[in-house]
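What follows is a short report on a single structure.
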Amino acid sequence: AMLRLRLLTWDVKDTLLRLRRPVGQSYAAEARAQGLRVQPEALGRAFREAYGAQSRRFPNYGRGQGLSSRQWWVDVVKQAFVLSGVQDGAALTALAEKLYRDYCSSHNWEVLPGAEETLSRCRQRGFRMGVVSNFDNRLENVLSQCSLRHHFEFVLTSEAAGVAKPDRRIFEEALRLGGVPPEQAAHVGDDYTRDYRAARAVGMHSFLLRTDGQDPEPEVPPEHVLPTLSHLLARIEK
């Protein structure tokens with residue numbers, strides 16, 4: 001039977017947008033422009049280490065611990081360079097501030113294939129649309145720069161919500177913003193735990209976008225899996 005859906009919520013990173021190139025490459029290119037030499041691969045590994053440590057120490061951009069997300073990110077970026085052997089503190093602060101700003105723009109993000117067309121078609125069918133993303137407050141700007149913001153009635157970030165997926169409260173807040181009960185809503189995302197299972201835990205429908213080369217999740221029925229975003233409307237309407 002056709003699902004009686006009124007609201008669609010969307011993850012962003014690796015669902016609608018992706019980074020144009022690995023973080024290590026982008027950071028290293030910007031460092032080179034400032035006269036600092038760093039290996040992109042080493043920088044990528046250092047970034048993952050710094051990001052992981054910061055996330056454990058200050059979850060959700062330090063939202064509950066009095067940190068601004070800007071300061072949170074600037075610290076991560078600086079630490080990634082320090083771990084890669086760059087010592088120049090003053091240069092690093094300026095570099096980290098610039099990289100923080102650069103990740104607001106379409107210079108670093110690209111729209112995934114099928115995203116624009118799928119979002120347009122979903123809006124034409126009359127669905128209410130919102131974003132539910134573990135992201136900081138730059139997301140509105142990122143979506144605007146990538147020409148996707150106009151598709152959504154609301155953009156709910158984990159920073160604004162004060163909780164991150166898979167916490168059920170971020171989905172409950174999205175349902176409140178969308179004004180629909182969970183059984184009339186579906187969430188679309190690429191992460192099994194944070195997107196697919198978390199949305200189902202509050203009674204929503206959900207669809208799992210499978211990126212190439214990912215192993216299938218055994219608990220996900222095939223009709224809930226999207227090989228590409230373009231499969232979504234057929235899944236909803238069948």
Side-chain angles (χ1 to χ4, degrees), residues 11-113 115 131 133-148 155 157-160 164-165 189-191 193-195 209 211-215:
D11 171 54
V12 174
K13 185 172 184 289
D14 299 326
T15 298
L16 298 174
L17 297 178
R18 66 182 168 206
L19 290 173
R20 289 185 184 274
R21 51 190 183 160
V23 169
Q25 285 181 24
S26 298
Y27 282 21
E30 189 54 49
R32 268 199 309 280
Q34 313 287 330
L36 297 168
R37 299 199 53 80
V38 199
Q39 280 302 110
E41 291 74 22
L43 193 47
R45 284 193 300 275
F47 170 78
R48 286 189 293 277
E49 185 181 329
Y51 179 90
Q54 184 83 326
S55 299
R56 287 187 294 277
R57 194 169 162 214
F58 300 109
N60 195 19
Y61 312 109
R63 169 75 161 59
Q65 292 144 299
L67 233 62
S68 71
S69 56
R70 186 177 146 282
Q71 189 57 54
W72 192 97
W73 273 112
V74 166
D75 289 347
V76 167
V77 176
K78 285 168 72 172
Q79 183 61 16
F81 280 100
V82 169
L83 290 170
S84 306
V86 178
Q87 304 297 337
D88 186 343
L92 283 190
T93 300
L95 182 58
E97 301 268 1
K98 179 163 194 317
L99 282 165
Y100 174 81
R101 289 192 302 274
D102 285 350
Y103 276 82
C104 276
S105 75
S106 53
H107 172 68
N108 277 314
W109 296 96
E110 63 188 356
V111 179
L112 275 147
V131 160
S133 172
N134 288 356
F135 216 102
D136 61 79
N137 58 19
R138 289 175 295 179
L139 187 56
E140 291 263 3
N141 206 341
V142 170
L143 289 167
S144 297
Q145 294 265 333
C146 296
S147 305
L148 295 182
V155 172
T157 64
S158 58
E159 182 176 9
K165 299 182 297 189
D190 69 309
D191 189 285
T193 304
R194 292 189 202 104
D195 292 311
L209 179 66
T211 46
D212 290 339
Q214 250 182 333
D215 287 330

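At least one donor-acceptor pair closer than 3.5 Å links the side chain of Gln65 to the backbone N or O of Arg57. Put simply, the side chain of Asp191 gets close to the backbone of Arg194: a donor and an acceptor are under 3.5 Å apart. Formation of a donor-acceptor pair under 3.5 Å by the Gln54 side chain with backbone atoms of Trp72 is found in this model. At distances below 3.5 Å, not a single donor-acceptor pair connects side-chain atoms of Asp102 with backbone N or O atoms of His107. Between the Arg138 side chain and the Cys104 main chain, no donor and acceptor come within less than 3.5 Å of each other. Distance alone, capped at 3.5 Å, is enough to place a donor-acceptor pair between the Thr15 side chain and the Asp190 backbone. For the pair Thr93 (side chain) and Gly89 (backbone), a donor-acceptor distance under 3.5 Å is present.
Between atom CG of residue Asp75 and atom CG of residue Leu92 there is a gap of 11.5 Å, rounded to the nearest 0.5 Å. Of the inter-residue distances, the one linking Leu143 atom CG with Leu148 atom CG reads 6.0 Å to the nearest 0.5 angstrom. How far CG of Leu43 is from CZ of Arg48: 10.0 Å, rounded to the nearest 0.5 Å. To the nearest 0.5 Å, atom CG of residue Asp11 and atom CG of residue Asp195 are 4.5 Å apart. To the nearest 0.5 Å, the span separating CG on Asn108 from OH on Tyr103 amounts to 4.5 Å. Rounding to the nearest 0.5 Å places CD of Gln145 at 12.5 Å from CD of Glu140.
A salt bridge is defined here as a Lys NZ or Arg NE, NH1 or NH2 lying under 4.0 Å from an Asp or Glu carboxylate O, and Arg20 with Glu110 meets this definition.
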Report the C-alpha distance between Val111 and Leu17 in whole Å, list the side-chain angles of each, state the deciding distance to 0.1 Å, and finish with yes or no for side-chain contact (heavy atoms from CB on, under 4.5 Å). CA-CA 5 Å; Val111 179; Leu17 297 178; 3.7 Å; yes

Could you go through Tyr61 and Leu67, starting from their C-alpha distance and side-chain angles, then the distance that decides it, and tell me whether this counts as side-chain contact (heavy atoms from CB on, under 4.5 Å)? CA-CA 7 Å; Tyr61 312 109; Leu67 233 62; over 6 Å; no

Pair Arg70-Asp136, side-chain contact (heavy atoms from CB on, under 4.5 Å): steps then yes or no: CA-CA 8 Å; Arg70 186 177 146 282; Asp136 61 79; over 6 Å; no

As a quick check of understanding, evaluate side-chain contact (heavy atoms from CB on, under 4.5 Å) for Leu99 and Tyr27, giving each step before the final call. CA-CA 7 Å; Leu99 282 165; Tyr27 282 21; 3.8 Å; yes

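A donor and an acceptor atom, one from each side chain of Lys165 and Ser158, are nowhere located under 3.5 Å apart.
With ring centers used as reference points, Tyr100 lies 6.0 Å or more from Trp73.
Side-chain contact between Arg45 and Ser84 is absent, with no heavy atoms from C-beta onward closer than 4.5 Å. Side-chain contact between Arg32 and Arg37 is present, with at least one heavy-atom pair separated by less than 4.5 Å.
When all heavy atoms of Ala80 and Ala46 are compared, the closest pair comes out as O-CB, 3.3 Å.
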